[in-house]
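Each remark here refers to the structure printed beneath this line.
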Amino acid sequence: HGIAFNGPIAYMPISMYQRQHDVNYMGNIRMTQHFLPLLKEASSSSSRARIVFTGTSGGPCSPCPPLLSAYMSSKFAVEAMAQCLRMELHMNIPIDCCVINPGFVKPTMLMEEGKKLTTKMWDACGQEQGNNVAQDEYGGMMEHFMMYSAAVPGTHVSEVCLAAEHALTANSPRTSYKVGIDSKLAPIVGMLPTGVREKISLHGMYGILSPAGTVKGYRV
């Protein structure tokens, strides 16, 4: 399903952006190209093959919070690729293409792995900059985001499994599976005017709407 390097755009090394997109986006293209010949052989009008990708939250209309530029851009790339692929297949080959869009899912190892990746990101920023300016400026913001991630309610991982099962076995699978209330609400917020959308996004994670409270030292 991918990896998630989170960090400030101003300082996060380009190599981490490249790694993020190589796994989350290019990895899906590689797998699609590798297995598509087999899917073509197995697919027919009466028994259609399936390609199922994992996106994020509400899909291409999701708000994009601070510090998540690498992750969100890689997942938006998957959404764009899936839309193009779906129409290419529709016009040519009887193969369905679906995207599962989970919101926050718990329990998983994401929190522990996220902490390790964050430490790795700060170390890489320090090596590239030759100082701790990245962590000095954005460390408090990242700490608050980790607190928010721990406090926000999550959808049980079994719900993602049920969505995947439906996508793989239903006679008429959906093009997108929004898993969790946050995933269902995200595209609604995402279609609001930019100023409203970003204010809700900021306050949802860092302000008065956040289960972690209001972040200290930053303007919300």
Which pairs would a plain distance check flag for residues 184-195, meaning a side-chain donor or acceptor within less than 3.5 Å of a matching protein atom at least two apart in sequence or in another chain?
{"from": "Lys184", "atom 1": "NZ", "to": "Lys178", "atom 2": "O", "distance (Å)": "2.9"}

Applying ring-ring contact (aromatic ring centres under 6.0 Å, His included), which residue pairs with at least one partner in [range] are found, sequence neighbours left out?
range            : result
residues 12-35   : none
residues 85-143  : Phe104-Tyr148
residues 158-217 : His144-Tyr206, His166-Tyr177

Salt bridge (Lys or Arg N to Asp or Glu O under 4.0 Å): which pairs involve residues 4-22, sequence neighbours left out?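 Listed by first then second residue: Asp22-Arg30.
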
Of all pairs that satisfy salt bridge (Lys or Arg N to Asp or Glu O under 4.0 Å), the ones with a partner from residues 109-130, not counting sequence neighbours: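 Matches after skipping sequence neighbours: Glu112-Lys115, Glu113-Lys116.
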
So, the side chain of Ser201 versus the backbone of Arg197: is there a donor-acceptor pair under 3.5 Å, distance only? no

Looking only at atom types and distance, does a side-chain atom of Ser74 sit under 3.5 Å from a main-chain N or O of Tyr71, one as donor and one as acceptor?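 The answer is yes, because a donor-acceptor pair under 3.5 Å joins these two groups.
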
What residues, two or more places apart in sequence or in another chain, satisfy side-chain contact (heavy atoms from CB on, under 4.5 Å) together with Thr175? Arg86

State which residues pass side-chain hydrogen bond (donor to acceptor under 3.5 Å, both in side chains) with Asn101; sequence neighbours excluded, sorted by chain then number.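 side-chain hydrogen bond (donor to acceptor under 3.5 Å, both in side chains) check on Asn101 returns Glu79, Ser176.
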
Can you name the residues that form a side-chain hydrogen bond (donor to acceptor under 3.5 Å, both in side chains) with Ser62, not counting sequence neighbours?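 With neighbours one apart ignored, the set is empty.
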
For Arg174, give me all partners under salt bridge (charged side-chain N to carboxylate O under 4.0 Å, His left out), at least two apart in sequence or on another chain. none

Qualifying residues under salt bridge (charged side-chain N to carboxylate O under 4.0 Å, His left out), relative to Asp96, sequence neighbours excluded: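 Here the qualifying residues are Arg48, Arg50.
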
Only distances under 3.5 Å count here; give the side-chain donor-acceptor pairs of residues 129-137 to other protein atoms, sequence neighbours excluded, each with its distance to 0.1 Å.
{"from": "Asn131", "atom 1": "OD1", "to": "Val133", "atom 2": "N", "distance (Å)": "3.1"}
{"from": "Glu137", "atom 1": "OE1", "to": "Tyr11", "atom 2": "OH", "distance (Å)": "3.1"}
{"from": "Glu137", "atom 1": "OE2", "to": "Tyr11", "atom 2": "OH", "distance (Å)": "3.0"}

